[in-house]
Amino acid sequence: MDWLYVLMPISGIEIFWPGLIILGLGVGIIGGFFGLGGAWMVTPGLNILGFPMAFAIGTDVAHMAGKSLISTMRHGKFGNVDYKLGLTMLIGTIVGVEIGAQMIMWLERLGKVDEVVRWLYVVLLIALAWMVFSDIAIRKKKEREAEARGETLDKNATGIDWATKLHAIKIPPMVTFHSAGITCSAWLPIIVSLATGWLAGILGIGGGLIRMPALVYLVGCPTHVAVGTDLFEVAISGLYGAASYTFKGRTELVAALIMLVGAAVGAQIGAVATKYIRGYGIRVAFGAAVIGCLCSVVLKLIQPYFPDYAKFINGVATVFVLAFVTIISVYIAMKMVEGAKAELAAKKQQRQA
Amino acid sequence: MKRMHKLWVWLTSCALALVVFLPTLALAAKKKGANVVIVADTRELGDGIMAWWANLYNESHLYFAILTIIIIPLTGCIFGLLADVVMNHIGIDLKHREISE
Amino acid sequence: MRTRNLMLTIVLAASMGLAACSGEDYGKTIAQGRCVAFADGKVSFVKDSNVNPKMSAKYENKVFTFTLPSDPKEIGPEPQAGAFIDFNADKKEVQVFKDGNLVTSPVEVVNVEKGIENFNSKVKGKEFPMINAEKKEITIYLKKTLATFKAPADLPVDKAFWTKGDDVRVFFKEEGKALRFMNITKTNIFKK
C-alpha cells in the first residue's frame with residue numbers, strides 16, 4: 001500500500017494522500033458555503049494524518065488561498081462578490097491586523113497574555129453564536145407575526161437590523177456598493193474591517209469567522225454577498241499568509257496542492273450550494289459552525305486544568321472537529337445535489353413543454 | 001469584459017496587498033525568531049521535480065515563496081475553469097441565483 | 001481574448017521564474033551526521049549515509065567539518081557534541097569517535113530494555129548517559145533502547161565522552177562552508 005503515501009520533499013515525512021484530499025474536500029465545502037478559511041478545522045485533521053505541525057499553518061493557508069480563489073470565482077459569477085466593498089474593507093483589514101499583531105506582541109512583552117487571549121476568543125464566539133441564533137429567532141417571530149396577519153414576510157427581511165441604523169449615520173464620503181445593494185458612509189466598512197482585522201490580529205486567526213457576520217449585521221450585506229465578499233478577502237489574506245509562511249520556510253506546497261485537489265471540488269460544491277439555500281439557511285449552518293469552533297477552542301483550553309486527561313480531551317477535540325466537518329460538509333453536499341437535481345429537472349420540464 | 005475587469009481588480013488588489021504586506025514579512029520573521037531552521041534532505045529525492053523543489057527550498061526561501069504564490073493562484077484558476085466546464089456540461093446555471101433571506 | 005492574454009502572461013511569468021531558478025546550478029549538496037565537535041562557529045560530524053527516513057542511521061568513518069553560515073537566521077539550535085555515536089544491542093557493540101576516527105568496539109552488555117518510550121518513568125526526567133565509575137558501567141538511552149554496558153578498557157569512563165552528539169544536517173555548495181545548518185535532534189517539526 002506504499003502508493004497511498006506520498007513523500008513530503010521538505011520535511012521528509014510520508015503522508016497518506018487520500019486523507020489530505022478528503023480533508024481538503026470537507027473544509028473546501030464548508031469554506032465555499034460560509035466564506036471561511038477554516039484553519040481551526042484543518043489543523044486537527046493534519047495532526048491525525050501525522051503531518052508535521054511546523055508546516056501545518058503554512059500549508060493550510062496556502063491551500064486556503066487557492067480554494068478561496070476558486071470559491072470567489074464561483075460566487076463572483078453569481079454576483080455574490082462586491083469587489084468594491086471587498087477592496088474598501090481590505091484597507092481596514094490590513095491596518096487592523098497589523099495593529100492587532102503589534103499590540104499582542106507588546107502585551108506579550110508585558111506578561112503572559114496567551115490564556116487571556118484564548119478566553120477572549122471564547123467570549124467572542126459565544127457572543128457571535130448568541131447574535132446569530134437570536135437573529136434567527138427574531139426573524140422566525142416576524143414570520144409568525146406576518147402569518148398571523150395573513151401576510152407573507154418580505155423575502156429580504158432580516159431579524160436583527162443594526163445595519164439600517166448604521167447606514168443612517170451619513171458621514172461623507174457616502175458610497176454605494178451595487179452588488180451588496182447598500183449605500184452608506186465609506187467609514188462604516190472601513191471601521192468595521194479595522195475592528196474585525198484588529199480582533200483577528202489579536203487572536204491570531206484568519207478572521208473569516210468574525211468578518212462574515214460583521215458584513216451581515218453591521219455593514220448590512222445580504223448573506224450570500226457577505227459570504228462571497230468575505231471569501232474575496234480570505235483569498236487575498238490567504239495569499240499573503242502563504243507568502244509569509246513560505247518565506248519563513250514553513251509550507252509543504254506538495255501537501256497544499258494535494259489538499260487543493262479536494263478543496264477545488266469542495267469549494268465548488270459549497271459555493272454552488274448557496275444558490276439553493278436561503279440566506280437564513282446559511283446563517284443557521286454558520287451558527288452551528290461557530291458553536292463547533294467554540295467547542296474545539298474550549299476543549300483545548302481546559303486541557304491544562306486536567307493534566308491527567310489532557311491526551312483524552314485532545315482526542316475528543318480532534319474527533320469532535322472531524323465529525324463536525326464531516327456532518328456539515330455532507331449536509332451541504334446533499335443540499336447542493338438536491339438543488340442541482342431539482343434545477344435540472346425543471347429545465348428538462350421546460351424543454352419538454 | 002466585465003468579468004475581465006473583475007479579474008483585473010482581483011489581481012491588482014492581490015498585488016497591492018502583497019506590496020503593503022511584504023515589507024512586514026522580513027520584520028515579522030525577525031521578531032518571532034523561533035529559530036526553527038529546516039534543511040530539506042534531498043539525498044533520497046534523486047533528480048525529479050521533488051528534488052528540484054526541495055533544492056529550491058534549501059537554496060532560497062524567497063524564490064520558494066515567490067513560486068508558491070504564483071503556483072497556488074494559478075492552480076486555483078485552472079481548477080476553477082475546469083469546474084466551469086464540468087458544471088456547464090452537467091447543465092447547472094452558473095450565472096443566476098435568486099437573492100433571498 | 002484578454003483572459004487568454006492574462007493566462008498566457010501568468011504562465012509565461014511562472015515558466016520564466018522556473019527557468020531562472022533551474023538555470024542556476026543548484027547546490028544539491030546535503031551532508032548529515034552526528035556531531036562530534038562544535039566550537040568557534042565550526043561543526044564537525046560523522047557522516048550518516050542512510051537516506052531513507054524509515055531506516056536507522058548508518059554512520060561511516062568520514063568526518064565533515066563546516067563553518068556555520070554568517071546569517072543567524074540560517075542556523076538552528078547549537079548542537080551538542082559527543083564522542084558516543086551508536087549502540088547496537090544485537091551485535092553488542094558501540095560506535096565511538098576516537099582520535100579522529102569512527103571506532104567500533106565490542107561491549108559487555110549488563111542490561112538491555114527495548115521499546116522504552118520517552119514518557120516511561122525509567123527514562124523520564126533523567127539525564128543520560130549515567131556513569132557508574134566504580135563498576136565502570138555506562139547507561140545510555142538511544143532509539144527507545146535503555147542499555148547498560150561495561151566500558152571497554154581502552155575507552156574513558158567519563159560523561160563527556162559517552163555523551164551522544166546531536167544529529168545535524170547542512171546545506172552547502174562549497175566544501176566546508178554551510179549555507180544553512182539544521183539541528184535535527186533539537187528541531188521537533190511535529191511540535192505545535
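Proteins come first, then strands; the chains are lettered A, B, ... in the order of their sequence lines, and each starts at number 1.
Of all non-hydrogen atoms in Lys77(A) and Leu94(B), the two that sit nearest each other are CB-O, 3.4 Å. Listed here is the closest heavy atom pair of Val6(A) and Met50(B): CG2-CE, 4.1 Å. When every heavy atom of Ile10(A) is checked against every heavy atom of Trp53(B), the shortest pair comes out as CD1-CD1, 4.3 Å. Taking all atoms of both residues into account, the shortest heavy-atom contact from Phe247(A) to His61(B) is O-CB, 3.2 Å. The two residues Ala243(A) and Ala65(B) make their nearest non-hydrogen contact at O-CB, 4.0 Å. Contact between Val36(B) and Arg250(A) at its shortest, heavy atoms only, is CB-NH1, 3.6 Å.
Counting heavy atoms from C-beta outward, Phe79(B) and Leu69(A) have side chains that stay 4.5 Å or more apart. Residues Lys67(A) and Ile72(B) have side chains not in contact (no heavy-atom distance under 4.5 Å, counting atoms from C-beta outward). Using a 4.5 Å heavy-atom cutoff, the side chains of Ile92(B) and Lys275(A) are in contact. Ile71(B) places a side-chain heavy atom less than 4.5 Å from the side chain of Leu253(A). Considering only heavy atoms from C-beta on, Glu44(B) comes within 4.5 Å of Leu7(A) through its side chain.
Residue contact with chain B, scored on non-hydrogen atoms closer than 4.5 Å, involves the backbone and the side chain of Val261(A) alike. In this structure, chain A has heavy atoms under 4.5 Å from both the backbone and the side chain of Leu62(B). Only the side chain of Glu343(A) comes within contact range of chain B, with at least one heavy atom under 4.5 Å from a heavy atom of that chain. Of the atoms belonging to Met64(A), not a single heavy atom falls under 4.5 Å from chain B. For Leu82(B), no part lies near chain A; criterion is any non-hydrogen pair under 4.5 Å. Neither the backbone nor the side chain of Ala263(A) comes within contact range of chain B; no heavy atoms are under 4.5 Å apart. Both the backbone and the side chain of Leu260(A) come within less than 4.5 Å of a heavy atom of chain B.
With chain A as partner, the option from Asp41(B), Val37(B), Ile38(B), Asn58(B) having the largest number of non-hydrogen pairs under 4.5 angstrom is Ile38(B). Listed options Arg283(A), Arg74(A), Arg139(A) were ranked by heavy-atom pairs under 4.5 angstrom with chain B; first place goes to Arg74(A).
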(request) May I have the step-by-step check of side chain to side chain contact (heavy atoms under 4.5 Å, CB included) for Gln268(A) and Val86(B), ending in yes or no? (result) CA-CA 11 Å; Gln268(A) 298 292 341; Val86(B) 173; over 6 Å; no
(message) Let's go through Asp93(B) and Lys347(A) carefully: what are the C-alpha distance in whole Å and the side-chain angles of both, what is the deciding distance for salt bridge (charged side-chain N to carboxylate O under 4.0 Å, His left out) to 0.1 Å, and is it a yes or a no?
(response) CA-CA 10 Å; Asp93(B) 176 9; Lys347(A) 271 187 185 168; 5.6 Å; no
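Under a cut-off of 6.0 angstrom, the local environment of CD1 in Ile57(A) is sparse, with at most 12 non-hydrogen atoms contributed by other residues, nucleotides or ligands.
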